[in-house]
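Below: one structure, written as structure tokens.
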Amino acid sequence: MNREIIQTYAKLVIVKGVNVQKGQTLLINADIDTVDMARACVEEAYKAGAKEVVVTYRDETIDRFHYQYQDLDTLTTVRDFQIASKLEYFEEGACILNLISRIPGILNGLDVEKVNKHLHAFALKSKKVREYTMLSKTQWCIAAVPNKQWAMQVFPNCKDEEEAVELLWKHILAAVYVDGEKDPIELWTKRDAVFAKRCQILNDFRFQSLYFTNSMGTDLRIGLVEGHLWAGGSEKTPQGISFNANMPTEEIFSVPDFHVAEGIVYASKPLLYNGSLIEDFWLSFEAGKVVDFDAKKGKEALSQLVNFDAGSCRLGEVALVPHNSPISQSGVLFLNTLFDENASCHLALGNAYPTCVENNDTLSEEDFARLGVNVSLVHEDFMFGTADMKVVGTLHDGKKVTIFENGNFVIE
Ligand code: ZN
Ligand code: ZN
């Protein structure tokens, strides 16, 4: 991809994504294949007034060697400085950008349980760090860049890696509205109004539950937390700085009541969970809890996810994405949740976003638990929306309102 376009993308991510403020420190976690984008982001961040930009690179291929050769004891030892290196900056007011370029299936064939134990140990220790993003205590953003292996998996019919990478670039840029002509920053600002309106409509209804059905066999009723709020598009830190956590984004989302989920849900897209691909799977729920599941591929990884901790077998997010969203219409299966979740209605197993509850700053942990706001060390989206998805909301007085018909909103 040419330099100029990458610079435009970087500026969008810095200005509308993480929205780094004058005098603020920006942390960048960058996958090794994002180096050109990372450099452009560092430059744009300084131009926007960043005091300091701290870049940490990650190499998934090296991670694979660690998982393969380290013993469990070493893998589950998390050093204090690994946490402090981020926490200290956050406490001083830093914001964070994650530049990802993942290789689907990179951990295939490894001992999933070993990988999981490492992730568990790390998640336990980094709870405070994670709160900065989970609770939007600072601005954060995730954006993606292609790599050869990823591109070849998405477009296996390309004649070579170069052609596949260019094609994946094209689709990534289209998904974030960078076309080399119109000003993407302006476009993102305009789209924000659409999200705000959708959220307002749903917030005014105050649904008690949602009922999802389609021809794949999904037949699922989920409760919503009392006082839930729908969110989407840009959000704000407690200091009132707006930012876009995901680039791209097409979803509006809220908090399900973790006590209430009944029925069965069929995934409509594969899920890449920590390097393992889970395909053709379903989950069935009783009283909010996963009671059975199966997958044609990756069942072991799915089992690790469901059994990760006490909260990972319950729902932490429900998101509505119209089937006519541009990413969905492109028909591309990105094999990456950042994109695929924006092509499809999705649910998340695990932790809920407490920011999606009214007056959340006055509520205690007990209040959240009583309301049904789920707690877990994981938060994993999986996609289940289809072109024929129907969503019906039930109000507290029992009245029913159709929200989605044939995969799209019907209440706008
Ligand atoms: Zn989501
Ligand atoms: Zn999510």
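In this chain, numbering begins with 1 at the start of the sequence shown. Start at 1 and go down the list; that is how both ligands and their atoms are numbered.
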Checklist entry - Which residues pass the side chain to side chain contact (heavy atoms under 4.5 Å, CB included) test with Ser284, sequence neighbours left out? => result Ile264, Trp282, Val291, Asp292
Item to check | Asn360: side-chain hydrogen bond (donor to acceptor under 3.5 Å, both in side chains) partners, not counting sequence neighbours | outcome: none
Checklist entry - Are Lys137 and Tyr132 in a cation-pi contact, defined as NZ or CZ under 6.0 Å from the six-membered ring centre and within 45° of the axis? => result yes
Next on the checklist: So for atom NZ, which belongs to Lys125, do other residues, nucleotides or ligands contribute more than 12 heavy atoms lying within a distance under 6.0 Å?
Outcome noted: yes
Item to check | Protein N, O or S within less than 2.8 Å of the Zn ion (ligand 2), waters excluded | outcome: Glu317 OE1, His379 NE2, Asp381 OD1, Asp381 OD2
Item to check | With sequence neighbours excluded, residues passing salt bridge (charged side-chain N to carboxylate O under 4.0 Å, His left out) with Arg221 | outcome: none
Checklist entry - Of all N/O/S atoms in Glu251, which lies nearest to the Zn ion (ligand 1)? => result OE1
Checklist entry - With a cut-off of 6.0 Å (strictly less than), are more than 12 heavy atoms of other residues, nucleotides or ligands near CD of Glu365? => result no
